[in-house]
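Data first, discussion second: the structure below is written as structure tokens.
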Amino acid sequence: MKNYWLMKSEPGAYSIDDLEKDTVTFWDGVRNFQARNFMRDTMQQGDLVLFYHSNAKPPGVAGIAKVVKTGYPDSTALDKKNKHFDPKSSKEKPIWYMVDIAFVKKLKRLISLDELKKNPDLKNMILLKRSRLSVQPVTKQEFEAIIAMESL
DNA sequence: GCCAACGTTGGC
DNA sequence: GCCAACGTTGGC
């Protein structure tokens, strides 16, 4: 069964436009266990992802991506020079995982956090309750409600 | 740039 | 295993 997700990125670091240019990217640098578990254990090929711009003006959903490669060890955790280096991780026992996602489309307009908050169908969204989780599941209903807002 | 929220670390 | 200190996220 297909799952739906929301993944956050600061557009200054990596935006939906960067993904459009690259077509595919690996989602490295996640150093939160819950987010890690979702990527390692639950994400499936073909799952759709809401690409969310955090720390942006305004923050909101900017586009759609899809999972093209399921969880595999995040090599940046092993690279001393990388800012995501984690000395506790090793090749034999990787702690951190990443997935590959591909560009699907950019929304015709950014659907801002403010609008998401105002939509009663989204009141249970994790995004609105637990602000700090960078990879999070979204229900099919929530996903579709957000897509429907694109043409409002 | 501030700071609240909150996940993680480490001393005990 | 508790919890204070610390670091990071992310909205404003």
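Atoms considered below: every heavy atom in the structure, side chains included; atoms not considered: hydrogens, waters and symmetry mates.
Residues in residues 45-83 of chain A take part in these ring pair (Phe, Tyr, Trp, His ring centres under 6.0 Å) pairs, two or more places apart or across chains: A:Trp27-A:Phe51, A:Phe51-A:His53. Residue pairs meeting the ring pair (Phe, Tyr, Trp, His ring centres under 6.0 Å) criterion with at least one partner in residues 85-109 of chain A, sequence neighbours excluded, are A:Phe33-A:Trp96. Sorted pairs that involve residues 105-137 of chain A and meet ring pair (Phe, Tyr, Trp, His ring centres under 6.0 Å), not counting sequence neighbours, are lacking altogether.
Residues from residues 107-121 of chain A placing a heavy atom under 4.0 Å of any atom in DNA chain C, listed by number, are A:Leu113, A:Lys117. Within a heavy-atom distance below 4.0 Å of DNA chain B, the residues of residues 29-36 of chain A found are A:Asn32, A:Phe33.
Among the heavy atoms of the strands, none lies under 4.0 Å from A:Lys57.
A search for salt bridge (Lys or Arg N to Asp or Glu O under 4.0 Å) contacts involving A:Arg109 returns A:Glu115, not counting sequence neighbours. Residues satisfying the salt bridge (Lys or Arg N to Asp or Glu O under 4.0 Å) test with A:Asp114, not counting sequence neighbours, are A:Lys118. By the side-chain contact (heavy atoms from CB on, under 4.5 Å) test, A:Lys88 pairs with A:Asp86, A:Ile95, sequence neighbours left out. In terms of the ring pair (Phe, Tyr, Trp, His ring centres under 6.0 Å) criterion, residue partners of A:Phe38 (sequence neighbours excluded) are, by chain and number, A:Trp5.
Shortest non-hydrogen contact noted between A:Leu127 and A:Gln136 is N-OE1, 2.7 Å.
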Let me have the donor-acceptor pairs involving side chains of residues 8-18 of chain A, under 3.5 Å, with sequence neighbours excluded, atom names and distances please.
unit_1: A:Lys8; atom_1: NZ; unit_2: A:Ser131; atom_2: O; d: 2.4
unit_1: A:Lys8; atom_1: NZ; unit_2: A:Leu133; atom_2: O; d: 3.3
unit_1: A:Ser9; atom_1: OG; unit_2: A:Tyr14; atom_2: O; d: 2.6
unit_1: A:Glu10; atom_1: OE2; unit_2: A:Asn55; atom_2: ND2; d: 3.2
unit_1: A:Tyr14; atom_1: OH; unit_2: A:Asp22; atom_2: OD2; d: 2.6
unit_1: A:Ser15; atom_1: OG; unit_2: A:Asp17; atom_2: N; d: 3.2
unit_1: A:Ser15; atom_1: OG; unit_2: A:Asp18; atom_2: N; d: 3.3
unit_1: A:Ser15; atom_1: OG; unit_2: A:Asp18; atom_2: OD2; d: 3.4
unit_1: A:Asp17; atom_1: OD1; unit_2: A:Lys106; atom_2: NZ; d: 2.8
unit_1: A:Asp18; atom_1: OD2; unit_2: A:Ser15; atom_2: N; d: 2.9

Just list the side-chain donor-acceptor pairs under 3.5 Å for residues 143-152 of chain A, sequence neighbours left out, or say none.
unit_1: A:Glu144; atom_1: OE2; unit_2: A:Lys140; atom_2: NZ; d: 3.0
unit_1: A:Glu150; atom_1: OE1; unit_2: A:Lys105; atom_2: NZ; d: 3.3
unit_1: A:Glu150; atom_1: OE2; unit_2: A:Lys108; atom_2: N; d: 2.8

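Mapping heavy-atom proximity under 4.0 Å, the span of DNA chain C touched by chain A runs 5' to 3' from C:dG7 to C:dC12.
Residue whose closest nucleotide on DNA chain B sits further toward the 5' end, between A:Lys129 and A:Asn55: A:Asn55.
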